[in-house]
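Worksheet: one structure, shown below.
The chains referred to below are lettered A, B, ... by the order of the sequence lines, with proteins before strands, and numbering in each begins at 1. Side chains are part of it too, since the values below use all heavy atoms of this structure and drop only hydrogens, waters and symmetry mates.
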Amino acid sequence: MFLTMKENVVIIGGGIAGMEAARQLLLLGYNPIVVEQKEQLGGHVGKWHRLFPDMSSAQDLVRRMEEDISEANIFLETKVNSINRLREGYQVMLSNGVNIACRAILIASGFKLFDATRKEEYGYGVYDHVITNADLEAWFNGNADPRIPHAPESVGFVHCVGSRDLKAGNSQCSKVCCMTAVKQAIEIKERFPSARVWCFYMDLRLFGKKYEDFYIGAQQDYAVQFVRGRISEVSEALGGQIQVKAEDTLTGKPLRVRLDLLVLMSGMSCNPEMTRLARMARLDIDSDGFLKSLDNIRSINESNRPGIFFAGACTGTKTVPETLAEARAAALDIHRYLQKGL
Amino acid sequence: MIDRISSGFHPFVLPFLAGMIFVLGYCLYGIIKILVQLPAEDRKRFFISLVTPKTFLKNIRDIFCDCLLHVKLWKRNRLLGYMHSSIAFGWFMLIVLGHIEVILFLPHRIHLFYYPIFFNFFVAETDSTIQGSLLFFLMDFFLLIILSGIALAMIKRVRSRLFGMRRTARPSLLNQIGLYALWAIFPLRLLAESFTAHISGGSFLTEPANWVFRQFLGNNLNMLPTWWAYSISLGVFMFVLPFSRYMHIPAEMMLIPLRNAGIKIRNARKGFARVEVWSCPNCGVCIDACPMSVDKANIKDCTVYLTRQIRRGNERRIEEISDKCLLCGKCEAVCQVGVEGPALRIMTRAERKYALPQDYSSIPVESLTEAAKGSKVLYYGGCMSQLVPSIGRSMESIFRKAGVDYKWMDRDGGICCGRPMFLSGRIKEAEEIVRKNESVILGSGAGTLVVSCPICYKMFKEKYTLPGIRIVHYINYIEELIDAGRLQVTRSDLCYVYHDPCELGRGAGMYEEPRRLIGRIAGIAEAPKNRSESICCGGSLGSLTLSFAKREKMTRNALDNLYAAKADALVTACPLCQTTFSRYADRPVRDIAEIVDMQTVGTITKTDSI
Amino acid sequence: MIYEGKQKIWKDYQKEIPDDHWYYVRSCIRQNFFPASERKFTDITKDILGKDVYETPYHTTCGGIAYHCDAIPQETAMTIVARQFALMTETGYENYVPSCVTSFGNYIEILETWREFPELEARIREQLWKACRREFNKPKYIAHTSDLIYHWRNVIAEKAAHRLIDKETGEPLRMAEHIGCHYAKMFPSKSIGGAEYPYVLAGMIESWGGQVVDYPERRHCCGYGFRQYHMKANRGYCVSNTHKKFESMEPYGIQAILTNCPGCCYFMDRWQYVIAEQTGKTYGKDGFGIPVFTYEELAGLVLGYDPWDLGLQLHQVAVEPFLDRIGVEYDPKAKYLGLNKEDLLKPELPTNLKCF
Amino acid sequence: MTDFGFKLSKSSAIELDKVDTSLYERLCQAEPGARICMNCGSCGATCTAGPYSGMSLRKVILGLQRGQDVRSMLSGCMLCGKCSMVCPRGINTRHLILTLCRIYD
């Protein structure tokens, strides 16, 4: 089917990890084949609005990445049906009937946004004005959302929704939500300057470059207030307002506030599709439910199977720049692996 | 000499006359107002000082040296000194000589007080005498001196750096009018006198000029416009004077006796403060001196602008300027007149009303006193020292080495000395804190109080009443220990540059002792700006509104001055300076106690106290 | 409120409830508070629904109330529970239905504990044997009596004499539901509808024609609080919780409250009197309180039982306005007559809360 | 009124949207540093007045944000400035305190 003499590399997942790896593999002279379940490339980032810390457009990023891999083979709305070990390499069968023999596979299947309805106490899907971070980004992108009032006077952000939550089955920190909450709080204030905005957090994990500047800016320039205490109960009050309860752990008192909009910072959880792949390719799953790297320090990109590599959030929660860096590293790992084999 | 005009009057003197009457009236009003505003005891003290021979003589000497000869300015910059004293002293001499002329030649006109000013217009020379030509010579000579001063003043407008000033105060409109009037007076006088020199006589300036003028302006009528112009410029100057910087001329003569009488500022607007404000000549020396002025945005917050705003009654700006200042005291140190910038500001702050009163009743004086008992020597580290543990540790080590039986009264937290509260203008509250500490110290039974923080030291020295207790700065105390042979010092090869903390140097006058002590243990280098001109580290508690970010520039500027000494390390004697400098310094910043401790061994093991 | 969202959650919290053959155990305190409720449960299930519900006079407390009051350790409660199960085993039943929510919670907690720690179960078996020479099987199914009423709610609706509809306006009655804490909060998966949006009572109200009204403090404790209430000094704290609930309910115009827990029904009813005495405030219409019913009482009313037969005269809050609203006929003069028509005497009336 | 031997107790909950934070807002106008406190507690740990009056600037700012009365803490302050020295965010703590003492009503 492929007349090219270039060597195939199957990339499972057309998010930013898969796209970046494809770009690098193209440059290295391979024939990357990107397999994406959805109808378009870009994954979660493609649905985002602006990316911290530069507040650059996520859509632009994805568009540019798409242009960079225009020469690659891309199968949209396609799943991997099976992965079989050959004497040398693997045979990957796709749901569209295509059959690919390759010596290297990159898994870049990413994460699944935590399903906020699982935190029943927050009333996502039950109350009229409870949305998630992803919903808010979609709204920033111009999609209408009846749950967002025309002129909210008070907005709350709940950090760690489905993150650091053993009972929700996600013990890990999703890394990006604290910063996303700060970013979105600022963006909300930009759109509704008179709104009072509160962020309810357990710890503020603002580790990345310029994140702390955003935090100070949110406090100083946007008067966003940070309340340490996780919201434990949400109810709907008259008029559809949201009443939330938390413990204000800094004053040691119970705290109650009525809000016009509550935004849940849904975290990253492992992608069930990834679990299916792992079974297919006999890959190890780590204790946190994500794919298990050979080690978590030096060989994050490598799996327990020869020729199968990882990039991005399939091995754990990652930021966008971390994912991109990992994708490039994975491309290089694949290159080295294939060279050695020649 | 004879009267040329029999009435002894000409209308052209009217502008001068009106101006003169106005100024004298205004000054009289000012004197009365100030005397009324002074608290009764200050007023009494002032009158007594006027008739006390010692202060009387001092007043005369100070007025002569400061107002006329500008001795302090000479010390600062000769060109600047010459410029000021040439104009002031020259003008003074012209007035004095004018009077001598009238007394000598036309004694019946002495009651017309414009006569000495316009003498040359009203007289005709009948014969020349030696005393006459000598006087005429002197008149021309001092006029020349003044003109040279005016010329320098003009040059200074454009090239202030020649006079050792980088920045000068931007003159207000009235100041400008006064300035140009002042500049015009003496050239016009030269012109006027030159036009009449062939009638009234003249000397080496006026006579040749007269000869020149008469070559093409022979008519005697030409002389009148110049005399009018001369009188008008004098009149304008005098009308502007009370509302311009030139008010400092009469005000300083009031300021000197008041200061010599020992009067202090008690109110930011009234009485003595008013005299100081009037006395500010707007020279702008304080601008360069001010550590805040490294940031251009702060120039308008120097003392010269404070006095200007107080005169204008611009309350918003007065408050801003007062709150921003670091209170380092350098403007006061460099001020030729002695305007007390910090005191004016503290008193402005003191006017403020606070809705929430402070309440120190919860301070457990009894238990603190109990804890302070038991030694003859009490050591007070101060709040800041707790954040610079090396100071306290070094002091303890020194005490131990010297075998001093001491007690560190605020080791585990104590009471603030009250100085920060005082600087914020909350004087009553500061006094309340002072009383608490006094009670602890007096109750401790100690005889000596060793203080290591200069902020506290100044407060203890000035505001505490501790009968029977010697308050001593640790620098003095350590020197005493060394002199008494209880500490043996060794010398280090290191060379230190010493930074004079504001509160210790300008605040408490300790310049030599720290240098002497450092000199005993290490090499010492001097920064270009040192002693009374040392630059505040920028960390001062004096400023209420300067934010952390805005102080950085000041600290770096102060550091650059210290780096210029090319020393191995910086040494200071203030925990606040040390912390502030350490934040940005490229070399170690030490406290004197630290370096002394490193270089000493104890010689006495017996516990004793001195 | 997005109803479909709740429905989605309810789907996740359903449990298998056998249709017949239940071993019934009563609550310790209900018989004192609202004695007719338990009796009516057996009447309704046996007489009207024709089910086999068996009870034995030998059963005791489950120990749950003492356990939650910190009076006995859990192991003691476990041994009591083991005996209860032994009685069931001896009668040949496998489906266990307690009438008390705390009992229900207690049984579930103990069974779950035994599942996690089988050695504990073995020890309890040994202790039971030593104490009374009995052995037991664990019940195959455990349901709360409200689960059963929920299970048969539609059958009851079919047989209904009255519906929860305002006779005058034809509007559904605005009703709040209150779930006992021990019903779902400890083990949401053992409940109908889960802990956040429980459906067990809401389902009855909906089925019988009423409208369920949600209010912000719906999840809050009724104001009993076991160990808190039993210390008199802490009762102010207990009643404050009830006060908070009623304050939150106030703007919603709630006409009746349905509960499934003995304590909740009692305290939400009685505390209204205390609140009215202390603050002068009442939460129903025209100075009345909001009537609080047990599910048996409500089912009884729907099925057309005489209100005084259902023991509604034992409620502090007057139920007459509610009865009038749904069109239940009653004899006001018979309110305080005993079973033998003997006059039980009218109680003293409160100062602020309007009663008959 | 019937004496039950117990009374309704007032809720200790903070009603964040209802509490009066106007004082805090006025403070922020005069001293914007009040906004950037991150509750690290350095100020309270080093406070000279803390052991005597419970003063902690962190608690003062937080209390204002929650509409609480912070006067007793504030009135113990001696303005020594240690909090300024330790504040990692460089808040002008002394100005904040003085301003607050001025505008407190």
Between B:Lys428 and B:Glu431, does any side-chain N to carboxylate O distance fall below 4.0 Å?
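Salt bridge flag = no for B:Glu431 with B:Lys428.
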Pairing of B:Glu320 and B:Arg317 as salt bridge, 4.0 angstrom limit:
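Judged by the 4.0 Å cut-off on N to carboxylate O distance, B:Glu320 and B:Arg317 do form a salt bridge.
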Side chain of [X], backbone of [Y]: donor and acceptor closer than 3.5 Å?
X        : Y        : result
B:Asp591 : B:Pro575 : no
D:Thr21  : D:Gly67  : no
B:Arg345 : B:Leu327 : no
B:Lys407 : B:Lys373 : yes

Among D:Gly76, D:Ala49, D:Gly90, D:Ser75, which residue has the highest count of heavy-atom pairs closer than 4.5 Å to chain B?
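Most heavy-atom pairs within the cutoff with chain B belong to D:Ser75.
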Top contributor to chain B interface from D:Arg89, D:Glu31, D:Met85 [non-hydrogen pairs under 4.5 Å]
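Ranked by contacts with chain B, first place is D:Met85.
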Answer with side chain, backbone, both or neither: which region of [X] has an atom nearer than 4.5 Å to a non-hydrogen atom of chain D?
X        : result
B:Leu541 : both
B:Thr579 : side chain
B:Arg426 : side chain
B:Ser543 : backbone
B:Leu423 : neither

At a heavy-atom separation under 4.5 Å, does [X] approach chain B through its side chain, its backbone, both, or neither?
X       : value
D:Thr46 : side chain
D:Arg94 : side chain
D:Cys77 : both

Checking side-chain polar atoms at under 3.5 Å, does D:Gln65 have a donor or acceptor matched by the opposite partner on D:Tyr24?
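Present: a donor and an acceptor within the cut-off.
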Between B:Ser547, B:Ser424, B:Gly418, B:Cys417, the one whose heavy-atom pairs under 4.5 Å with chain D are most numerous:
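When all of B:Ser547, B:Ser424, B:Gly418, B:Cys417 are compared, B:Ser424 has the most.
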Pick from B:Gly414, B:Ser361, B:Gly413: which one has the most heavy-atom pairs with chain D under 4.5 Å?
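When all of B:Gly414, B:Ser361, B:Gly413 are compared, B:Gly414 has the most.
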How are the rings of B:Tyr457 and B:His473 set relative to one another: parallel (under 30°), tilted (30 to 60°) or perpendicular (over 60°)?
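Taking B:His473 first and then B:Tyr457, their aromatic rings stand perpendicular (interplane angle over 60°).
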